[in-house]
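As the structure is a prediction and not an experimental result, all values here were calculated from the model.
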Amino acid sequence: MTKPILYTMHVSPPCRAVELCAKALDLDLERKVVNLATGDHLKPEFVKLNPQHTIPVLDDNGTVICESHAIMIYLVSKYGKDDSLYPKELVKQAKVNAALHFESGVLFARMRFVFEPIIFFDGSEIPADRAEYVQKAYQLLEDTLVDDYVVGNSLTIADLSCVSTVSSIVGVIPMDKNRYPKIHAWLERLKQLPYYEEANGGGAVEIAKFVLSQKEKNAQKA
């Protein structure tokens, strides 16, 4: 049996969430880089694999799973030594599921709301209302963190998903430590994971630098 294949791109937060999950499981994946900038995701062979032409995509010996949250749940359910990352107990699992939806529907959506105009449409400014929309998302996460982790006092895939996005956007929309002390403490907690920097930290810094650099280039062209 061959290693599961992950079609990925390290600057992508959803891809990094899956890579964090694989590291937490001590699972060895074969990584195949899909360069969105050069249109790899639109090539016929990739569209056949994933008709929605998005990343990440997991190919586990012919079982193809798309979308980061679905991939993480699949990996933990199949390869996890226990259910700590994705609890089987119904109430805890429901809370993890809710946090995953919060990440995709609020955190990631608002990050895209800021990043996409700069990356794809020559935006040279971040409108104040969009920046404030991100700040409101930070506040929602701050209010959610009543324990050490997003759900309770142990690491779950909810943390891995949320941190992939939060760590990406804070380099563009700063987060005041005094205003959001719980988030800062949570980020520091996750940065202590032995695989954090390799699986997430570098990519988060890279995408933030790219967005800010592109913003300046767009301003010069305007």
Side-chain angles (χ1 to χ4, degrees), residues 11-18 20-21 54-56 67-70 72-73 91-191 193 196 200-201 203-216 218-219:
V11 295
S12 163
C15 291
R16 282 186 270 111
V18 174
L20 281 166
C21 181
T54 57
I55 52 174
E67 205 278 331
S68 63
H69 305 116
M72 288 190 288
I73 291 170
V91 173
K92 290 181 180 178
Q93 187 180 103
K95 290 180 178 181
V96 171
N97 289 339
L100 294 176
H101 285 292
F102 171 71
E103 188 278 330
S104 62
V106 178
L107 297 175
F108 186 73
R110 297 187 189 190
M111 185 195 75
R112 289 183 64 177
F113 195 50
V114 170
F115 284 14
E116 285 192 347
I118 294 170
I119 296 172
F120 298 112
F121 301 105
D122 295 330
S124 59
E125 297 292 339
I126 299 174
D129 61 337
R130 297 194 179 199
E132 181 56 28
Y133 210 41
V134 172
Q135 294 291 340
K136 288 179 179 178
Y138 291 161
Q139 188 61 59
L140 291 173
L141 179 59
E142 178 76 10
D143 295 341
T144 298
L145 285 165
V146 296
D147 297 303
D148 286 347
Y149 294 91
V150 174
V151 178
N153 286 307
S154 61
L155 183 75
T156 68
I157 59 173
D159 298 285
L160 305 181
S161 184
C162 289
V163 78
S164 69
T165 293
V166 172
S167 61
S168 300
I169 198 170
V170 293
V172 178
I173 306 293
M175 181 191 301
D176 187 279
K177 187 173 183 178
N178 293 323
R179 185 175 174 184
Y180 308 112
K182 293 179 182 178
I183 299 179
H184 277 272
W186 169 75
L187 284 170
E188 289 305 313
R189 200 169 291 120
L190 290 177
K191 287 177 182 179
L193 295 170
Y196 176 87
N200 185 69
V205 171
E206 186 179 345
I207 192 172
K209 285 184 176 178
F210 174 75
V211 170
L212 293 174
S213 173
Q214 192 64 38
K215 176 175 170 289
E216 292 304 314
N218 294 341

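One finds no salt bridge joining K209 and E206 here, because no Lys/Arg side-chain nitrogen approaches an Asp/Glu carboxylate oxygen to under 4.0 Å.
Rounding to the nearest 0.5 angstrom, the gap separating the CD atom in E125 from the CG atom in N218 is 10.5 Å. Here the OG1-CD distance, from T156 to Q93, works out to 11.0 Å after rounding to the nearest 0.5 Å. The structure places CD of E142 at 8.5 Å from CE of M175, a figure rounded to the nearest 0.5 Å.
Under a cut-off of 6.0 angstrom, the local environment of NZ in K182 is crowded, with over 12 non-hydrogen atoms contributed by other residues, nucleotides or ligands. The number of heavy atoms from other shown groups lying within 6.0 Å of CZ (R112) does not exceed 12.
The two residues A17 and M72 come nearest to each other via the heavy atoms O-SD, 3.5 Å. Minimum interatomic distance between Y196 and S167 (heavy atoms only, all atoms of both residues): OH-CB, 3.5 Å. The nearest pair of heavy atoms linking M111 to P13 is CE-CG, 3.9 Å. When all heavy atoms are compared, the tightest approach of Y138 to I183 is O-CD1, 3.2 Å. Of all heavy-atom pairs spanning A158 and V151, the tightest one is CB-CG2, 4.3 Å. Shortest non-hydrogen contact noted between L100 and I73 is CD1-CD1, 4.2 Å.
Remark: the backbone N or O of I119 is not paired with any side-chain donor or acceptor of Q214 at under 3.5 angstrom.
Sorted by first then second residue, the side chain to side chain donor-acceptor pair (under 3.5 Å) pairs that include residues 126-137, not counting sequence neighbours, are Q135-Y180.
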